[in-house]
Engineer: 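Pasting in a structure now, in structure tokens, and then I'll have a few things to ask.
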Number of protein chains: 2
Amino acid sequence: MEPQLFVKMALQGWNTQVARAEKYFDALTEADFQQQVAPGKNRIVYLYGHLTSYHGLLSETLGLGEAKYPELAPVFLRSPDGPAVDEYTIAQLKQYWAEVHTRLTELFNALPAEDWFKRHNAMTDEDFANDPTRNRLSVLLSRTNHIAYHFGQLVLV
Amino acid sequence: MEPQLFVKMALQGWNTQVARAEKYFDALTEADFQQQVAPGKNRIVYLYGHLTSYHGLLSETLGLGEAKYPELAPVFLRSPDGPAVDEYTIAQLKQYWAEVHTRLTELFNALPAEDWFKRHNAMTDEDFANDPTRNRLSVLLSRTNHIAYHFGQLVLV
């Protein structure tokens, strides 16, 4: 079994979820972004920034390069939806989203298949020796599920 | 790279999502199951049967054995939430959920790692030759994302 095959499968899953979310966000008007996914729950604009922020950090988590837009994390990742979100325009977030995902695609395509099975930055060498499933690819699978989780909420609007 | 590693990663993802959903459903009262995930959207009871039905068919899709409870599909998979759902009690669905997932765990644990990379029943040999990523494991990854998608909705309640 070639590692290329696993990597291709995992990347296909990631690309499918990102493309589906992007298509959804791109079809919205400015006003749509202010809607909540359910009464009293996150607005779409928050989830847009939330996914952008989390994916901006992914390059660093995977040890592939520095984080993109780490300044989004206090607003979109470590805090619930609130007034601080409104300091960002939709046009800004759209630009960030595009940059973050274009860059990830470049980084992912440049990474040799076997390097996906190396440890990520969020764990120690010792932990990795004990559990080699906690590699870069497992982070990608986890982030892919995370998009699906929020996409399930977005489609309720 | 050993195929065992990738299979283990994919199964960990599946098991995590199933366990998380099960814990959620097991903590609900009978009345809770009648709640909608958002106004006018699916009730929790529908999503309970929906995941049970889809996973009951999985053994057949993967070519590992006959489908479990295929009679659920017209109500929970091929139709939206509606009165037909109420012909099933929560106790019944709970039993089906347990049986379906216990059986899948047995089938999955018994499957040699390399067999996960064989084609699934929903495609032809010719298609598989053209795209070997469309194997059993890709179905599992896809179903794992599907649980996450609906779990994102369930937590809104």
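Chain A is the first sequence line, chain B the second, and so forth, proteins listed ahead of strands; every chain is numbered from 1.
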Engineer: Strictly below 4.0 Å, N to O, side chains only: are A:D26 and A:K23 in salt-bridge contact?
Structural biologist: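 Result for this pair is no, no salt bridge flagged.
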Engineer: Restricting to pairs with a member in residues 28-47 of chain A, which pass salt bridge (charged side-chain N to carboxylate O under 4.0 Å, His left out), not counting sequence neighbours?
Structural biologist: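 Those involving residues 28-47 of chain A are A:R43-A:D81, A:R43-A:D86.
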Engineer: Which residues, numbered in order, of residues 101-110 of chain B come under 4.5 angstrom of chain A by heavy-atom distance?
Structural biologist: none
Engineer: Go through the structure and list residues passing side-chain contact (heavy atoms from CB on, under 4.5 Å) with B:A98, not counting sequence neighbours.
Structural biologist: none
Engineer: Could you grab the distance from atom CG of B:D127 to atom CE of B:M123, nearest 0.5 Å is fine?
Structural biologist: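 Reported to 0.5 Å precision, the distance equals 4.5 Å.
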Engineer: Give the C-alpha distance, both sets of side-chain angles, the deciding distance and a yes or no for ring-ring contact (aromatic ring centres under 6.0 Å, His included) between B:Y88 and B:F76.
Structural biologist: CA-CA 11 Å; B:Y88 293 88; B:F76 290 100; 5.5 Å; yes
Engineer: Under 4.5 Å, heavy atom to heavy atom: which of residues 138-157 of chain B reach chain A? Give them by number, or say none.
Structural biologist: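 Hits under 4.5 Å: B:S138, B:L141, B:T144, B:N145, B:A148, B:Y149, B:F151, B:G152, B:Q153, B:V155, B:L156.
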Engineer: Using only atom types and a distance under 3.5 Å, with no angle test, would you say the side chain of B:R136 pairs donor to acceptor with the backbone of B:L62?
Structural biologist: yes
Engineer: Verify the cluster assignment for A:F128 and B:F6: are they in a single hydrophobic cluster under the rule of side-chain heavy atoms below 4.5 Å apart?
Structural biologist: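 Not linked; separate clusters.
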Engineer: For A:N42, is it the side chain, the backbone, both, or neither that has a heavy atom closer than 4.5 Å to a heavy atom of chain B?
Structural biologist: neither
Engineer: Tell me whether A:E71 at atom CD has more than 12 heavy atoms from other residues, nucleotides or ligands lying less than 6.0 Å away.
Structural biologist: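 Yes, because the 6.0 Å sphere around CD of A:E71 holds more than 12 heavy atoms from other groups.
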Engineer: Going by the angle between their ring planes, with limits at 30° and 60°, are A:F25 and A:Y48 parallel, tilted or perpendicular?
Structural biologist: tilted
Engineer: As a quick check of understanding, evaluate side chain to side chain contact (heavy atoms under 4.5 Å, CB included) for A:R119 and A:D125, giving each step before the final call.
Structural biologist: CA-CA 7 Å; A:R119 76 169 178 84; A:D125 280 327; 2.6 Å; yes
